[in-house]
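The first residue in the sequence is number 1, and the count goes up from there. Source: prediction; values computed, not measured.
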Amino acid sequence: MHFDHSGHAFSSSDLFSKSVIICQELELKAYKNPNDFTRGSYVKYQNRKNILTLDGSRRISSEISVIYTGGHSFGHQIIKIKIGNKRYIYGGDLFPSAFHVKPNHLTAIDVNPIQSMEMKKKILKMAISERAIMIFNHDTNIISARISGTPERPEIEQCDI
């Protein structure tokens, strides 16, 4: 629910008024009650009726799953998408860029860096075994890549989505 990922979902605009926002209960709590460290990451709280909160990982549909990771924020989650025989992972701020694929390359604002590193290894293992394409939301050069190698020493091969 960081400002750079929520778009106008929490503005007074009607743009997302009919959409359902899916987030972790922990993230909603952090959004409603930011601390001194997290305050700059969230837009001003606006009460919305269209929020579905989750407590952990969950399948949303046969094509979409949400995986709770924590680490970057208290309720950080990533999205796994299946389209036909292709697998995609939208890594959010756990994997914001190709640079961050290495488990120990973290963002400066991770609230729990150890949890981030542990979850990155788990997600990398899944991405490698499923030949999933990782989507990087903050990389201006490499938007998506297939991950190979090992979770400890991942390698990337840029590819189209």
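The other residues sharing a hydrophobic cluster with Phe136 are Ile67, Ile78, Ile89, Leu94, Phe95, Val101, Met119, Ile123, Leu124, Met126, Ile128, Met134, Ile142, Ile147, Ile156, where clustering joins ILVMFWY side chains under 4.5 Å apart. Grouping Ile, Leu, Val, Met, Phe, Trp and Tyr by side-chain contacts under 4.5 Å, direct or through others, puts Ile79 with Val20, Ile22, Leu52, Leu54, Ile60, Ile64, Val66, Ile81, Ile83, Tyr88, Tyr90, Ile133, Ile135, Ile143, Ile161.
Counting heavy atoms from C-beta on, the side chains of Pro96 and Asp139 never come closer than 4.5 Å.
Taken to the nearest 0.5 Å, the NZ atom of Lys82 stands 6.0 Å off from the OG atom of Ser62. Between Ser41 atom OG and Tyr31 atom OH the span is 12.5 Å, to the nearest 0.5 Å.
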Report the C-alpha separation of Phe74 and Glu25 in whole Å, then their side-chain angles, then the decisive distance to 0.1 Å, and conclude whether the side-chain contact (heavy atoms from CB on, under 4.5 Å) test is met. CA-CA 9 Å; Phe74 296 108; Glu25 180 68 35; over 6 Å; no

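In this structure His138 satisfies the side chain to side chain donor-acceptor pair (under 3.5 Å) test together with Asp4, His5, Asp93, sequence neighbours excluded. Among residues two or more places apart in sequence or in another chain, the ring-ring contact (aromatic ring centres under 6.0 Å, His included) test is passed with His72 by His2, His76.
Counting only residues at least two apart or in different chains, side chain to side chain donor-acceptor pair (under 3.5 Å) contacts with residues 145-160 are absent. Residue pairs meeting the ring pair (Phe, Tyr, Trp, His ring centres under 6.0 Å) criterion with at least one member in residues 142-161: none, sequence neighbours excluded.
Under a 3.5 Å cut-off, the side chain of Lys120 and the backbone N or O of Lys102 do form a donor-acceptor pair. For the pair Thr38 (side chain) and Pro34 (backbone), a donor-acceptor distance under 3.5 Å is absent. A donor-acceptor pair under 3.5 Å is absent between the side-chain atoms of Glu130 and the main chain of Arg87, judged by distance alone. Without hydrogens or angle criteria, Gln115 side chain to Thr69 main chain gives a donor-acceptor distance under 3.5 Å. Although no hydrogens or angles enter the test, the distance criterion places a donor-acceptor pair under 3.5 Å between the side chain of His105 and the main chain of Phe99. No donor-acceptor pair closer than 3.5 Å links the side chain of Asp110 to the backbone N or O of Asn112. The closest donor-acceptor contact from the side chain of Glu27 to the backbone of Gly75 lies under 3.5 Å.
In Asp55, the CG atom is not crowded: 12 or fewer heavy atoms of neighbouring residues, nucleotides or ligands sit closer than 6.0 Å.
Met117 and Ile109 fall into different hydrophobic clusters, where Ile, Leu, Val, Met, Phe, Trp and Tyr residues are linked whenever their side-chain heavy atoms come under 4.5 Å apart, directly or through other members.
For the pair Pro103 and Pro154, the tightest heavy-atom approach, listed with the atom from each and the gap, is CD-CD, 4.0 Å.
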